[in-house]
J.: 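Sharing a structure, written as structure tokens. Questions coming.
Computed from a predicted model, the values in this text were never measured in an experiment. Order of the sequence lines sets the chain letters (A, B, ...), proteins ahead of strands, with each chain counted from 1.
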Amino acid sequence: MSIELLKTYNPKEVEDKIYKLWKESGFFNPDNLPKRHQNPFTIIMPPTNANGSLHAGHGLVMTIEDIMIRYKRMRGYKTLWLPGLDHAGFETQVVYEKQLEKEGRSRFQMDPKELYKEILDFTLNNKKNIKGQIPKIGSSCDWSREKFTLDGDIVKTVYKIFEKMAKDGLVYRGKKVINWCPKHQTSLSDLETADTEQVDNFYYLQYGPFVIATARPETKFGDKYVVMHPNDERYKKYKNGQKIKLEWINGPITATIIKDEAIDMTFGTGVMTITPWHDSTDFEIAERHNLEKEQIIDFRGKLLPIAGEFVGISIKEARPLIIEKLKSKGLLVKIDENYKHVVKKCYKCESIIEPQIKDQWFIKMKPLAEPAIKTIEDGDIEYIPEHYKKISLHWLKNIIDWNVSRQIVWGIPIPAKICIKCDEGIVDIDNKISVCPKCGGDVRQETDTFDTWFSSGQWPFASLGFPDSKDYKEFFPTDVMETAGEIIFFWVARMIMFSLYVTGKIPFKTVYLHGLVLDAKGQKMSKSKGNVINPLDLTEKYGTDAFRIGLVVGNTPGTSLALAEDKIKGYKHFGNKLWNIARFVLMSLPDDMSTVLKSPLTPEDQKLIDELNVSMKEITDDMDQYRFYLAAEKIYHYTWHAFADKIIEESKAKLASEDEKIRTSAQRMLIEILTTCLKTLHPFMPFITEEIYSKLPLHPPPPERADGGKKLLMIEDWPV
RNA sequence: GCGCGCUUAGCUCAGUUGGUUAGAGCGACUCGUUUACACCGAGUAGGUCGUGGGUUCGAAUCCUACAGCGCGCACCA
């Protein structure tokens with residue numbers, strides 16, 4: 001054949017053209033696929049946070065999911081990959097607040113409506129930007145079904161489910177100790193705090209006849225209950241409820257003895273005073289004994305009037321001053337300077353979380369977790385890698401109620417009214433309630449928004465149009481949820497719970513979890529370290545195909561991946577190798593292919609085809625078992641080191657043979673192996689394979705093709 | 001404290017249900033410009049598979065103890 005291909009493959013010339021071709025074919029949309037595509041295969045894309053640009057992790061998500069979808073599409077499934085974008089509540093609000101800070105502004109000086117509008121503009125901008133970036137990875141998702149987490153129908157579903165939960169008694173609003181971030185001025189769920197070990201001073205203080213120990217003297221102003229274990233022999237002369245008078249930080253007080261089994265007799269002195277407003281253990285003790293609770297620290301992290309002379313001072317500044325005073329009063333017994341303990345911090349800004357009592361909306365989790373535990377234990381959901389199953393079960397079995405209220409504007413408003421008189425919270429999705437049903441008082445609109453995971457937990461069925469849509473009926477439950485191992489609790493476990501509760505079905509049959517994408521040295525990427533890799537820089541430099549297969553080969557699910565540029569570069573070379581293989585094969589073929597395609601194979605060539613089929617069987621097996629890291633490596637190895645290095649080298653003699661049978665057999669063998677390699681490589685390297693495929697002299701397209709004869713590799717049959 | 005991982009060639013990692021001389025990529029070294037490709041080809045070196053014990057005809061693979069590293073969860077003041 002005459003050949004017009006250059007010696008070097010140029011991704012830039014090819015990629016945009018090919019993506020356009022795919023998109024225009026309509027095959028991203030399952031409804032447009034040819035007749036043979038009957039059984040649905042569905043992946044809901046984890047909605048991409050619309051608060052920045054695509055990062056390396058997105059590159060991995062888009063690649064793995066596209067591999068799954070392209071493979072199943074070629075195997076004849078009716079494939080739906082539903083793309084989505086996420087308003088990403090708190091995450092986005094944090095990003096935006098940082099931007100405000102840089103501009104010397106603050107959200108606390110802004111009208112909430114104005115702030116909301118600004119963040120909305122910011123998000124919509126990012127959304128547009130990201131939508132332009134996703135195709136650069138080659139993602140064959142169905143853009144006609146794209147969803148955004150703030151779409152009207154999504155919000156409607158979320159409201160309905162919230163109302164249902166309220167009716168089922170799964171929602172309550174209560175005064176409990178919550179995690180308060182003093183910087184972000186919102187409560188956070190337990191998952192949004194990070195435990196950090198640190199070394200602090202541990203102060204032993206004289207409290208009447210007792211010595212108590214604390215790391216937080218600034219909370220001790222209001223401590224008027226002293227607690228010990230009922231079985232502690234050392235303190236058996238003190239009786240529960242007994243009053244004692246003692247000198248404390250700001251003068252004489254009367255303390256009450258409380259006996260409670262929560263006390264660890266072996267820790268410290270076995271005696272402690274409690275601060276129920278700022279500690280959940282203390283809160284529980286206070287609840288058990290019906291004790292008074294008093295706020296000591298305000299929501300900004302400053303001391304309240306109960307602290308007397310220290311009022312208005314921040315915790316950090318107050319602590320040494322208080323210790324100084326205690327010392328001068330002779331109440332400081334000793335200081336242990338090596339006290340190792342764990343403090344909770346805001347996972348975004350690392351501010352120390354200040355526990356506070358606050359009225360918040362909670363979801364009762366035990367009734368939701370139990371069916372999920374059963375389903376997972378029954379093996380209805382496959383976890384890849386499997387150990388995530390244990391991790392999930394462990395979390396589900398120890399689950400605690402979920403605070404879903406956030407004091408931020410960016411998110412879905414909680415549809416409820418709050419009674420101004422008695423503080424009752426009333427779920428009101430239709431905005432009809434104007435009088436408190438409990439006390440008859442006036443009500444105000446709730447201003448808190450939902451934890452973003454409350455709505456994303458409902459994403460698989462909400463995005464498909466639960467409960468009445470055709471899509472929901474056809475594509476739910478979905479097949480695979482592919483997402484980051486990091487959000488196994490935040491998202492995966494909650495989707496399972498929500499889905500079972502709302503639809504009675506599992507949301508997906510398989511969970512495939514990938515690890516973190518790290519930099520070449522194996523370090524976590526962060527803007528402050530300056531080691532962030534922009535995936536689009538790599539696709540620009542080495543081509544998208546090289547980026548994709550480089551990301552997948554050797555990357556076992558669940559383990560983090562060091563993204564080395566050299567590796568991507570290596571696969572660019574592979575792309576070029578493939579390109580030249582195609583050039584060689586095409587050069588070796590005659591202009592008229594009709595005899596070649598029907599030509600019988602010599603036993604020697606037949607053996608090569610048989611060996612190819614054995615390899616393909618193995619690769620198909622790996623694909624079915626989600627071992628893409630192995631499948632990719634095998635097809636790479638076959639193409640380069642079997643096909644190019646051996647089969648093609650040996651074919652040169654055959655092609656030069658005097659015997660026409662040997663020549664045509666070799667030609668047929670070459671085109672068949674090349675075609676098979678292209679098909680098998682297509683999920684990993686879609687652009688170059690599609691481009692080469694379009695140049696091959698092939699059989700006429702099968703008659704049932706909906707595309708009127710366009711030879712798109714994308715919908716060809718998978719070999720084997 | 002409880003739980004989950006990881007430890008294999010200089011580096012990054014595979015090794016699927018235990019089975020012949022343990023693999024790949026990158027890197028190193030030697031040779032080679034043969035007309036598909038130097039983004040190439042032919043070849044070489046390099047590992048007591050973290051340590052000790054056990055199961056087995058046979059273990060990198062299963063069990064157990066220990067060590068080192070990483071991560072998650074937890075209300076020890």
J.: Which residue lies toward the 5' end of RNA chain B, K220(A) or Y9(A), if each is placed at its nearest nucleotide?
T.: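 Result: Y9(A).
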J.: Would you mind pulling out the nucleotide paired to C69(B), Watson-Crick or G-U wobble, both distances under 3.5 Å?
T.: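 With both distances under 3.5 Å, C69(B) matches G5(B).
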J.: Respond yes when some side-chain nitrogen or oxygen of K577(A) is under 4.0 Å from OP1 or OP2 of G41(B), and no when none is.
T.: yes
J.: Can any side-chain N or O of N179(A) pair as donor or acceptor with the backbone N or O of L188(A) at less than 3.5 Å?
T.: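 Side chain of N179(A) to backbone of L188(A), a donor-acceptor pair under 3.5 Å: yes, one is there.
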J.: Quickly work out the I258(A) CD1 to A77(B) C1' distance and round it to whole Å.
T.: 16 Å
J.: Using a strict cut-off of less than 4.0 Å between a Lys/Arg side-chain nitrogen and an Asp/Glu carboxylate oxygen, indicate whether K348(A) and E91(A) qualify as a salt bridge.
T.: yes
J.: NA contact type, Y339(A), heavy-atom cut-off 4.0 Å: base, sugar-phosphate, or nothing?
T.: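 Sugar-phosphate, backbone atoms only, no base.
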J.: May I ask you to verify if any side-chain N or O of T559(A) is less than 4.0 angstrom from the OP1 or OP2 atom of A14(B)?
T.: yes
J.: Using a 4.5 Å cut-off on heavy atoms from C-beta on, say whether the side chain of V199(A) contacts that of Y339(A).
T.: no
J.: Would you classify E649(A) as touching base, sugar-phosphate or nothing, given that sugar-phosphate means primed atoms plus P, OP1 and OP2, and contacts are heavy atoms under 4.0 Å?
T.: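 Result for E649(A) = base.
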J.: Heavy-atom nearest nucleotide on RNA chain B for L191(A) versus T269(A): which residue maps closer to 5'?
T.: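 Its nucleotide being nearer the 5' end, the pick is L191(A).
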J.: Measuring only the C1' atom in each nucleotide, how far is C69(B) from U8(B)? A whole number of Å is fine.
T.: 16 Å
J.: Examine distances only and state if a side-chain atom of N240(A) and a backbone atom of K259(A) form a donor-acceptor pair shorter than 3.5 Å.
T.: yes
J.: Looking at A14(B), I'd like to know if its phosphate oxygens (OP1 or OP2) sit under 4.0 Å from a side-chain N or O belonging to T556(A).
T.: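 Checking A14(B) against T556(A), a side-chain N or O does come within under 4.0 Å of OP1 or OP2.
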J.: How long is the line joining CG of L630(A) and P of C13(B), in whole Å?
T.: 16 Å
J.: Any side-chain heavy-atom pair from I488(A) and L513(A) closer than 4.5 angstrom?
T.: yes
J.: So, does H394(A) get its side chain near the phosphate of C4(B), meaning an N or O under 4.0 Å from OP1 or OP2?
T.: no
J.: Is there a side-chain polar atom (N or O) of H229(A) under 4.0 Å from OP1 or OP2 of C76(B)?
T.: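 No.
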J.: I need the CD-P distance between E565(A) and C39(B), as an integer number of Å.
T.: 17 Å
J.: Taking 4.0 Å as the cut-off, does a side-chain nitrogen or oxygen of Y626(A) come that near to OP1 or OP2 on U16(B)?
T.: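 Checking U16(B) against Y626(A), no side-chain N or O comes under 4.0 Å of OP1 or OP2.
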J.: Between K390(A) and G5(B), is there a side-chain N or O to OP1/OP2 distance below 4.0 Å?
T.: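 Yes, because at least one side-chain N or O of K390(A) sits under 4.0 Å from OP1 or OP2 of G5(B).
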J.: Kindly say whether, by distance alone, the side chain of K567(A) makes a donor-acceptor pair under 3.5 Å with the base of C26(B)?
T.: no
J.: For C37(B) and W640(A) - does any side-chain N or O of the residue sit under 4.0 Å from the phosphate oxygens OP1/OP2?
T.: no
J.: For C37(B), take OP1 and OP2 only and decide whether either is under 4.0 Å from a side-chain N or O of K7(A).
T.: yes
